[in-house]
Engineer: 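Here you go, one structure.
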Number of protein chains: 2
Amino acid sequence: MHSSLLDRLQARGYRLTAQRRVIAQVLEGENVHLTADEVLEKAQALLPEISRATVYSTLQRFSEMGEVRELSLDGRSKRYDPNVVPAHHHLVCDGCGAVFDVAHGIEAPALPTAERRGMMITSAEVVYRGTCAGCT
Amino acid sequence: MHSSLLDRLQARGYRLTAQRRVIAQVLEGENVHLTADEVLEKAQALLPEISRATVYSTLQRFSEMGEVRELSLDGRSKRYDPNVVPAHHHLVCDGCGAVFDVAHGIEAPALPTAERRGMMITSAEVVYRGTCAGCT
DNA sequence: CTTGCTGCAAAGCTTTTGCATTCCT
DNA sequence: AGGAATGCAAAAGCTTTGCAGCAAG
């Protein structure tokens with residue numbers, strides 16, 4: 001089976017702390033993508049003394065490691081997507097900002113070389129938008 | 001020819017002020033997409049007494065009118081895209097956050113009904129990412 | 001032991017808001 | 001004249017940072 005996020009943390013020489021264990025657990029237990037504040041809230045339910053700064057820095061660390069994807073889809077908060085692989089697109093509710101995964105298999109169209117402005121393209125994500133049932 | 005943004009403002013009953021004229025001018029004069037702060041800076045060069053609050057509320061107004069598109073592509077600032085029509089995608093530099101338009105003609109793949117979670121899809125934008133020359 | 005991690009609180013940045021004043025129409 | 005738009009300054013989110021103490025390896 002796959003090695004867990006925690007195993008990979010350790011393999012890279014990062015320390016394994018109760019806080020990181022809890023944050024990893026919170027992320028993996030969710031099928032929607034949480035904001036940092038929501039991660040804090042759920043983590044505090046499991047480990048009351050965890051701090052906001054730790055949640056933010058840990059999410060940043062996980063993101064730099066490529067273990068979590070940071071999404072900026074509305075002007076409010078970033079959201080954290082624990083499903084880095086396989087690559088997939090997102091469906092966003094313009095009302096509440098909720099983000100849903102779109103099953104993989106859909107491929108974004110390639111960007112013609114003439115349009116690349118000399119950049120090497122590292123990702124191509126499609127963002128679908130609409131309004132969810134709860135937001136009428 | 002097309003009616004200008006200012007004509008459309010007036011047609012909808014909005015007042016035509018020096019501030020709005022300057023903001024429209026700043027937006028239309030750019031081929032990259034500016035943040036609110038950059039709009040303020042350029043607007044102040046033309047009309048020194050314009051305030052930050054006015055820039056923000058005007059951009060919000062233009063966006064509600066559908067005259068400008070609000071983009072949230074990184075966790076920093078929103079950017080404002082004056083080219084609402086034709087629809088087009090964007091190329092983002094992960095280093096500096098700069099946003100370039102991708103020529104229209106590229107179509108995002110449709111989202112299968114099974115994946116829509118009951119939502120009516122109102123838009124599908126592709127975001128290409130890479131690192132621009134200046135960000136090495 | 002050593003160095004990295006945590007918690008706290010303060011600061012930073014972007015954006016919004018309340019209210020008196022100004023000025024389009 | 002009348003109501004909308006502006007400017008100012010304060011406040012409100014979200015996120016980052018500095019630093020002393022704690023703990024994983």
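Quick note on labels: first sequence line is chain A, next is B, and so on, each numbered from 1.
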Engineer: If only side-chain N and O atoms of A/Q19 are considered, is one of them under 4.0 Å from the OP1 or OP2 phosphate oxygen of D/dA23?
Structural biologist: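 Looking at the OP1 and OP2 atoms of D/dA23, neither is under 4.0 Å from any side-chain N or O of A/Q19.
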Engineer: Below 4.0 angstrom from OP1 or OP2 of C/dG7, is there any side-chain N or O of A/T54?
Structural biologist: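 True: A/T54 side-chain N/O within range (under 4.0 Å) of C/dG7 OP1/OP2.
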Engineer: Please tell me which of A/A53 and B/Y80 maps to the more 5' nucleotide of DNA chain C, matching each residue to the nucleotide holding its nearest heavy atom.
Structural biologist: A/A53
Engineer: On DNA chain D, compare the nucleotides closest to B/T58 and B/G75; which residue's is nearer the 5' end?
Structural biologist: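 That would be B/T58.
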Engineer: Would you say a side-chain N or O of B/T17 is under 4.0 Å from OP1 or OP2 of D/dT6?
Structural biologist: yes
Engineer: Rounded to the Å, how far apart are B/R79 CZ and C/dT14 P?
Structural biologist: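 One finds 11 Å between P of C/dT14 and CZ of B/R79, rounded.
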Engineer: List in numerical order all residues of residues 62-72 of chain A for which some heavy atom is under 4.0 Å away from an atom belonging to DNA chain C.
Structural biologist: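 Going residue by residue through residues 62-72 of chain A, none turns out to have a heavy atom under 4.0 Å of DNA chain C.
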Engineer: Atom CZ of A/R12 and atom P of C/dG4: how far apart are they, to the nearest Å?
Structural biologist: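 It works out to 17 Å between those atoms.
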Engineer: Pick the nucleotide of DNA chain D nearest each of B/G13 and A/R15; which residue has the one closer to the 5' end?
Structural biologist: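 On the 5' side of the pair lies B/G13.
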Engineer: Are any of B/R20's side-chain N or O atoms less than 4.0 Å away from OP1 or OP2 of D/dA5?
Structural biologist: yes
Engineer: Just the rounded figure in Å: distance from C1' of D/dG25 to CD of A/Q10.
Structural biologist: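 The answer, rounded to whole Å, is 9 Å.
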Engineer: Tell me yes or no: between the side chains of A/D101 and A/H33, is some donor less than 3.5 Å from an acceptor?
Structural biologist: yes
Engineer: For C/dC13 and B/K78 - does any side-chain N or O of the residue sit under 4.0 Å from the phosphate oxygens OP1/OP2?
Structural biologist: no
Engineer: Counting only side-chain N and O atoms of A/S77, is one of them less than 4.0 Å from OP1 or OP2 of D/dC14?
Structural biologist: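 Yes, within the criterion.
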Engineer: Rounded to the Å, how far apart are B/L34 CG and C/dT15 C1'?
Structural biologist: 17 Å
Engineer: Can you confirm whether A/I106 sits close enough to B/P112 that some side-chain heavy atom of one is under 4.5 Å from a side-chain heavy atom of the other?
Structural biologist: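 Yes, close enough: below the 4.5 Å cut-off.
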Engineer: Can you tell me how far CZ of B/R21 sits from CG of B/L5, rounded to the nearest 0.5 angstrom?
Structural biologist: 12.5 Å
Engineer: Check this for me, if you would: do A/E67 and A/R61 make a salt bridge, where the nitrogen-to-carboxylate-oxygen distance has to be below 4.0 angstrom?
Structural biologist: no
Engineer: Can you tell me the distance, in whole Å, between the CD atom of A/E38 and the C1' atom of D/dC14?
Structural biologist: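 For the pair A/E38 CD and D/dC14 C1', the rounded distance is 13 Å.
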Engineer: Whether B/Y56 contacts C/dT15 is assessed here as follows: a side-chain N or O lying under 4.0 Å from the phosphate OP1 or OP2. Is that the case?
Structural biologist: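 Yes, such a contact exists.
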Engineer: Rounded to whole Å, please give me the gap between OH in B/Y14 and C1' in D/dT6.
Structural biologist: 16 Å
Engineer: Is any side-chain heavy atom of A/V126 less than 4.5 Å from a side-chain heavy atom of B/P109?
Structural biologist: yes
Engineer: Whole angstrom is fine here: how far is it from CG in A/D37 over to C1' in D/dA12?
Structural biologist: 14 Å
Engineer: Just how far, in rounded Å, is C1' of C/dC5 from CD of A/E49?
Structural biologist: 14 Å
Engineer: Can you tell if the side chain of A/H88 reaches within under 4.5 Å of the side chain of A/N83, non-hydrogen atoms only?
Structural biologist: yes
Engineer: Would A/E125 and A/R69 pass as an ion pair if we require N to O under 4.0 Å?
Structural biologist: yes
Engineer: Determine the contact category for B/R52: base if any of its heavy atoms lies under 4.0 Å from a base atom, sugar-phosphate if only primed atoms, P, OP1 or OP2 are that close, otherwise nothing.
Structural biologist: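 Counting heavy atoms under 4.0 Å across all strands, the contact made by B/R52 includes a base.
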Engineer: Does A/R61 or B/T35 map to a spot on DNA chain C nearer the 5' end, using the closest nucleotide for each?
Structural biologist: A/R61
Engineer: Is A/Q60 near enough to D/dT15 that one of its side-chain N or O atoms lies under 4.0 angstrom from OP1 or OP2?
Structural biologist: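 For D/dT15, OP1/OP2 do not have a side-chain N/O of A/Q60 under 4.0 Å.
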Engineer: Could you tell me whether the side chain of A/Q19 reaches within less than 4.5 Å of the side chain of A/L47, counting heavy atoms only?
Structural biologist: yes
